[in-house]
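Structure first, then comments.
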Protein chains: 2
Amino acid sequence: MNEMIDRNDLDNEAAELEALALRLSWGLRHRLQQQLEVFSLTLPQYMTMNILHRGSSGCSMSELAEASNQLSPTMTGIVDRLVERGLVTRERDDRDRRALRVELTDEGRHLMARISKQKRAWTRGFLQALLPEERVTINAVLLRFLEVVEALPAPVDEIKAGE
Amino acid sequence: MNEMIDRNDLDNEAAELEALALRLSWGLRHRLQQQLEVFSLTLPQYMTMNILHRGSSGCSMSELAEASNQLSPTMTGIVDRLVERGLVTRERDDRDRRALRVELTDEGRHLMARISKQKRAWTRGFLQALLPEERVTINAVLLRFLEVVEALPAPVDEIKAGE
DNA sequence: TATTGTTATACTCTATAACTATA
DNA sequence: TATAGTTATAGAGTATAACAATA
């Protein structure tokens with residue numbers, strides 16, 4: 001009897017969490033894309049530049065693909081457009097002539113700085129909308145959520161009857 | 001002096017939060033798409049079916065577009081493919097011959113049930129990976145985060161020098 | 001042979017503009 | 001004239017398969 005209640009509680013919580021995850025993934029993406037539209041960047045393009053921005057000596061194409069969870073033909077297309085806009089360079093690596101080295105240009109770094117400033121204003125607005133006690137926990141909770149999400153195994157196949 | 005420290009604290013927190021939001025939007029979307037791939041559905045397609053599933057009497061095309069934050073030509077394409085797969089119907093509304101009424105078919109409802117079962121297994125795994133005290137707060141924190149994100153005004157233009 | 005990355009191809013989504021049909 | 005929705009078109013991302021060059 002008590003077990004039944006617990007099971008239902010867990011299921012209500014799960015249903016809520018599923019709805020939240022969907023809204024979160026959908027809404028957050030729209031927000032980020034809206035922010036980036038001002039700079040004529042797509043989210044995958046920004047993601048790529050962000051990875052380059054965090055490091056210091058550039059990345060190979062496969063490192064970029066791995067870090068952004070993309071396939072290599074996808075990466076090729078994204079970097080094509082960034083090169084065309086002069087935001088990154090893509091040059092052959094002299095130590096391994098198969099590999100390419102992608103790096104931010106000065107213009108790319110400058111654009112990232114402009115975006116950071118914009119983002120920071122937005123984030124400050126966000127934090128100010130929170131109560132002080134909410135502000136203390138929000139980062140830790142989001143990080144924990146993300147870590148558990150990323151740690152869970154990917155579904156490989158459909159669960160069949162009899163759960 | 002104290003103000004300087006507070007300002008830096010706020011900025012560190014903001015930088016962390018920005019990184020988290022990016023990872024969250026990116027990672028969560030990949031996870032959801034991975035889940036849906038098993039059923040040969042894209043996230044926008046699932047989003048659309050999910051909106052229809054929550055209501056009872058179907059939606060017009062513009063209601064769908066509004067609820068999923070999409071433009072109407074985008075909606076047309078998504079619904080085209082769902083109709084083609086027999087997951088929804090799209091029929092003229094007799095009371096307003098300009099409008100269309102989109103509804104889930106039995107097959108569509110059946111697919112949603114299969115997806116729900118799969119999702120539930122995944123979500124239970126997620127909740128079990130959390131500590132009991134984390135489980136109590138996670139939903140509330142995510143909801144609050146989402147509400148504040150959605151309430152913030154969209155950026156219309158770039159912030160210029162002098163912040 | 002294995003690895004790095006590209007090209008070719010096809011499909012989905014997104015955005016804009018022009019259009020049809022109904023109100 | 002305004003509203004609901006589509007078609008046309010173009011661009012971006014995603015996935016697979018086939019390929020070239022280097023290791």
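Proteins come first, then strands; the chains are lettered A, B, ... in the order of their sequence lines, and each starts at number 1.
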| Length of the line joining M75(B):CE and dA15(C):P, which is rounded to integer Å | 13 Å

Tabulate protein N/O versus nucleotide N/O from nucleotides 7-9 of chain C, keeping only pairs under 3.5 Å, one per line.
none

| field | Contacting residues from residues 85-100 of chain B, given that a heavy atom lies under 4.0 angstrom of DNA chain C | value | D96(B), R97(B), R98(B)

| said: Just to verify, what does E16(A) make a side-chain contact (heavy atoms from CB on, under 4.5 Å) with, not counting sequence neighbours? | reply: N139(B)

| said: Assess whether a salt bridge exists between D11(A) and R124(B), defined as any Lys/Arg side-chain N lying under 4.0 Å from an Asp/Glu carboxylate O. | reply: yes

| request: Measure the spacing between CG of L87(B) and NE2 of H110(B) and express it to the nearest 0.5 Å. | output: 11.5 Å

| request: Could you tell me whether the side chain of M61(B) reaches within less than 4.5 Å of the side chain of S72(B), counting heavy atoms only? | output: no

| message | Tell me the interatomic distance from L36(B), atom CG, to dT14(D), atom P, rounded to whole angstroms. | response | 15 Å

| request: In whole angstrom, give the distance that lies between atom CD of Q33(B) and atom P of dG13(D). | output: 14 Å

Table of protein N/O atoms under 3.5 Å from nucleotides 10-13 of chain C N/O atoms:
{"residue": "dC13(C)", "atom": "OP1", "partner": "T42(B)", "partner atom": "OG1", "Å": "2.2"}
{"residue": "dC13(C)", "atom": "OP2", "partner": "R81(B)", "partner atom": "NH1", "Å": "2.1"}

| message | Please verify the inter-ring angle class for W26(B) with H30(B); under 30° counts as parallel, over 60° as perpendicular, anything in between as tilted. | response | tilted

| task | For the residue pair L22(B) and L43(A), establish whether any side-chain heavy-atom pair is separated by less than 4.5 Å. | result | yes

| Whole Å only: how far is the CG atom of L71(B) from the P atom of dG11(D)? | 18 Å

Residues 44-55 of chain A, side-chain donor-acceptor partners within the protein, below 3.5 Å, at least two apart:
{"residue": "Q45(A)", "atom": "OE1", "partner": "T42(A)", "partner atom": "N", "Å": "3.1"}
{"residue": "T48(A)", "atom": "OG1", "partner": "P44(A)", "partner atom": "O", "Å": "2.8"}

| Would you say the side-chain atoms of Q128(B) pair up with the backbone N or O of G125(B), donor to acceptor, closer than 3.5 Å? | no

| note | One should read off an interatomic distance between I115(B) CD1 and L36(B) CG, to the nearest 0.5 angstrom, of 6.0 Å

| note | Checking R120(B), K119(B), R31(B) against E18(A) for salt bridge (Lys or Arg N to Asp or Glu O under 4.0 Å), the one that qualifies is R120(B)

| task | Could you tell me whether R101(B) and D94(B) have a side-chain N and a carboxylate O separated by less than 4.0 Å? | result | no

| request: Examine the side chains of T89(B) and E103(B) and answer whether a donor and an acceptor come within less than 3.5 Å of each other. | output: no

| Which of residues 55-68 of chain A sit near DNA chain C, with a heavy atom under 4.0 Å from it? | S60(A), M61(A), S62(A)

| query | Just wondering, are more than 12 heavy atoms of other shown residues or ligands nearer than 6.0 Å to CD in E66(B)? | reply | no

